[in-house]
Structures are given as C-alpha cells and as structure tokens.
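Below is one structure; the comments refer to it alone.
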Amino acid sequence: MRRYPSDNVKLEHAKMHAKHKGHEAMHAEMVLILIVTLVIAQLVLVQWKQRHPKSYNLVTLFQMWVVPLYFTTKLHWWRFLVTWFIFSVVTAFISFRATRKPLDCTTPRLVYKWFLLLYKISYTTGIVGYTVVMFTLFGINLIFRIKPEDAMDFGVSLLFYGLYYGVLGRDFAEMCADFMASTVGYYSASGMPTKHLSDSICAVCGQPILVDVSEEGIIENTYRLSCNHVFHEFCIRGWCIVGKKQTCPYCKEKVDLKRMFSNPWERPHVMYGQLLDWLRYLVAWQPIIIGLVQGINYILGLE
C-alpha cells in the first residue's frame, strides 16, 4: 500500500499527541500550584512583617545581600562582584561606626552622607539605564551605529545596578538610622525617648542647632516640622529619604513629605524610594518562592 507524505505528517502528529497526552492537565496543576504558593507566601510575609518587623527586615536584608551574589557568581558576572565587594566593605565600615556606643558626634553625618551619595548614584544610574533601554526600543541606538543587543545589555545592566544598590543601600541606611537615633536617645522605635528634646538640639544627630529656622544658613539650613520640632535640614532629609522614616524622630508624628520637598525636582527622589520598597519583594523573596514552587512540582512529579 502506497503511503503519501501527508500520511507521514499525520502519523508523526498523532505520535506527538500521544507522547504529550495529559501535559495540559499537568501544566494546569503547575499554574495552580504557582498561584496558590504566591498567595500563601504573600499572606505569610505580610503577617510576619506586621507582627515581627525587626526579624522580617533583617532576614530580608540578608536575602537582598546574598541571593544576587549567588546568581552572579554562578553566571561569572565579575563586574557586579567587584562593585558588590566595594559596597560591602564601605557599608560594613559605616555600619560599624553607626552601632558604636558612645556614638561619635561625626558619625551621623558620615552615615547619611554615604547613603545619600549611594542613593543619588543609584537613582542616576537607574534613570540612565531606563533611558538607554527606551532609546534602544525606539531604534535611536542605530543613529550611533550601536548594535541593539549591545545597547540593550548596557541599559539593562545599568538599570539592575541602580535598582539593586538603591534597595540594599536604603535597607542598611534604615538599620543604621535606628541604631544611631536610639543611641542618641531622642528616638525609640517602641516606647518613649530616654531624653527630653530641647529646641536647640537636633534629635537625629544630637548636635546643637546653630541657625534659626527663619535664617538662611551659610552651610546648612534648619527645618521645622509640623509638630514644631526642629532639625538640621540635612539630617531630617536623610532621615526621611535615606532612612525610610516618615515620622518625626522624637514624637513620631507623620511627616508631610510634599511640604518638605516642595521643589518639583526633588519629588522624583521620593517616588524612586517608594519604587525601591516595592522592588525589595521581587529581589529578596521572589527567587525563594519560585524555588519553593519548583520543589513542590518536583515532589509531585510534575517536572
């Protein structure tokens, strides 16, 4: 009996269907497991964060620090490993200074200067990376005779560096801000401060305020919050932007960030900080959740 080529195609198609029979149901189960795991993990993380914020923040910070290191070492991304090492050494020194008792009078300024510098560098790097990616999508790279894959790799790398070090730097800054403010004595994460705050002392750094609120300072201005507590402008800006605090360091009244950052050029920094807080979940916990899903699928024989 003569067999036509179309018959061979049909036979191969039938064999393929027989081989993959039941895969649709298996894929549906895998998707269901992924959704259920994501929902449960999100609920657990939210409850953990609400009930035990200190341990949640420490574990998240450790995850942020270690998870990308594992993947970049595996992929031999040596440039990232060099920048990660430099960041770790400098931040370890800054964190060591911030946790010493008694606290040196120059330490708060040193801490906020480092993390504010890191924040601005990460912000600029992220914006440049995003701009390069968008230019590549619109083909502007071809004007400069740059290959699309090279331009996209460069843009994505810059975006990754900016977002990663932005998130990690803010988490370390928050930890250092808590340690320093508690050591100074005008701030307590839970309970009342151990010292009474006078109008001539900044609660963030514990140093005297030399410039009146109504005066224009040569080096730095003085800022008064809506609760009438007075701070060095540099300190309170570092406390709110870098240290992720949106309350008064002394009385814990909510800070009006729109009033503090009235300059429209400064407001993107606040929005960028909120974006970094959202990305922390993706960087720190998403790989763990995906790994958990893959483990469940392997145990159930779905992979």
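In summary, the side chains of Trp77 and Ser157 do not present any donor paired with an acceptor at a separation below 3.5 Å, with no hydrogens or angles considered. For the residue pair Thr72 and Trp78, no side-chain donor N or O sits within less than 3.5 Å of a side-chain acceptor on the partner.
Here the closest heavy-atom approach between residue Cys248 and residue Phe231 is recorded as SG-CZ, 3.8 Å. Across all non-hydrogen atoms, the minimal contact from Val111 to Cys176 is CG1-CB, 3.9 Å. A pairwise comparison of heavy atoms in Leu103 and Arg97 identifies CD1-O, 3.7 Å as the closest pair. In terms of heavy atoms, Trp65 sits closest to Ser88 at NE1-OG, 3.1 Å. Nearest heavy atoms, Val133 versus Val156: CG2-N, 3.8 Å.
Under the 4.5 Å side-chain heavy-atom criterion for Ile, Leu, Val, Met, Phe, Trp and Tyr, Met134 and Leu158 are members of distinct hydrophobic clusters. Leu168 and Phe179 fall within the same hydrophobic cluster, where Ile, Leu, Val, Met, Phe, Trp and Tyr residues are linked whenever their side-chain heavy atoms come under 4.5 Å apart, directly or through other members. Under the 4.5 Å side-chain heavy-atom criterion for Ile, Leu, Val, Met, Phe, Trp and Tyr, Phe154 and Leu75 are members of distinct hydrophobic clusters. Each of Val132 and Phe144 belongs to its own hydrophobic cluster when Ile, Leu, Val, Met, Phe, Trp and Tyr are linked at side-chain heavy-atom distances under 4.5 angstrom. Under the 4.5 Å side-chain heavy-atom criterion for ILVMFWY residues, no single connected hydrophobic cluster contains both Phe135 and Leu142.
Once rounded to the nearest 0.5 Å, the distance linking CE of Met180 with OG of Ser95 reads 9.5 Å. Summarising the geometry, atom CG belonging to Asn141 is positioned 4.5 Å from atom OG1 belonging to Thr136; distances are rounded to the nearest 0.5 Å. Atoms SG and CD1, on Cys202 and Ile236 in that order, are 7.0 Å from each other to the nearest 0.5 Å. Note that CG of Leu45 and CD of Gln50 are 11.5 Å apart. Values are rounded to the nearest 0.5 Å. Considering CE of Met152 and NZ of Lys147, their distance stands at 15.5 Å, rounded to 0.5 Å. Rounding to the nearest 0.5 Å gives a distance of 10.0 Å between CG of Leu159 and OG1 of Thr125.
The closest side-chain heavy-atom distance from Leu69 to Leu81 is below 4.5 Å. Two residues are said to be in side-chain contact when any heavy atoms from C-beta on lie closer than 4.5 Å; Ser200 and Pro208 fail this criterion. Using a 4.5 Å cut-off on side-chain heavy atoms (C-beta onward), Tyr161 and Ser122 make no contact. A 4.5 Å side-chain heavy-atom check between Phe172 and Ile94 finds every atom pair outside the cut-off. Considering only heavy atoms from C-beta on, Asn228 comes within 4.5 Å of Arg224 through its side chain. By the 4.5 Å heavy-atom criterion applied to side chains, Leu110 and Trp114 are not counted as neighbours. In this structure, the side chains of Tyr223 and Val230 stay at 4.5 Å or more apart for every pair of heavy atoms. Between Gln207 and Ile201 the shortest side-chain heavy-atom distance does not fall below 4.5 Å.
Between Phe80 and Phe160, the ring planes lie tilted relative to each other; the angle falls in the 30° to 60° range.
Within a 6.0 Å sphere centred on CZ of Phe87, heavy atoms belonging to other residues, nucleotides or ligands number more than 12.
Proximity of the aromatic rings of Tyr165 and Tyr119 is defined here by a centroid distance below 6.0 angstrom, and this criterion is not met.
Within the cation-pi definition used here (under 6.0 Å to the ring centroid, within 45° of the axis), Arg100 qualifies as a partner of Phe96.
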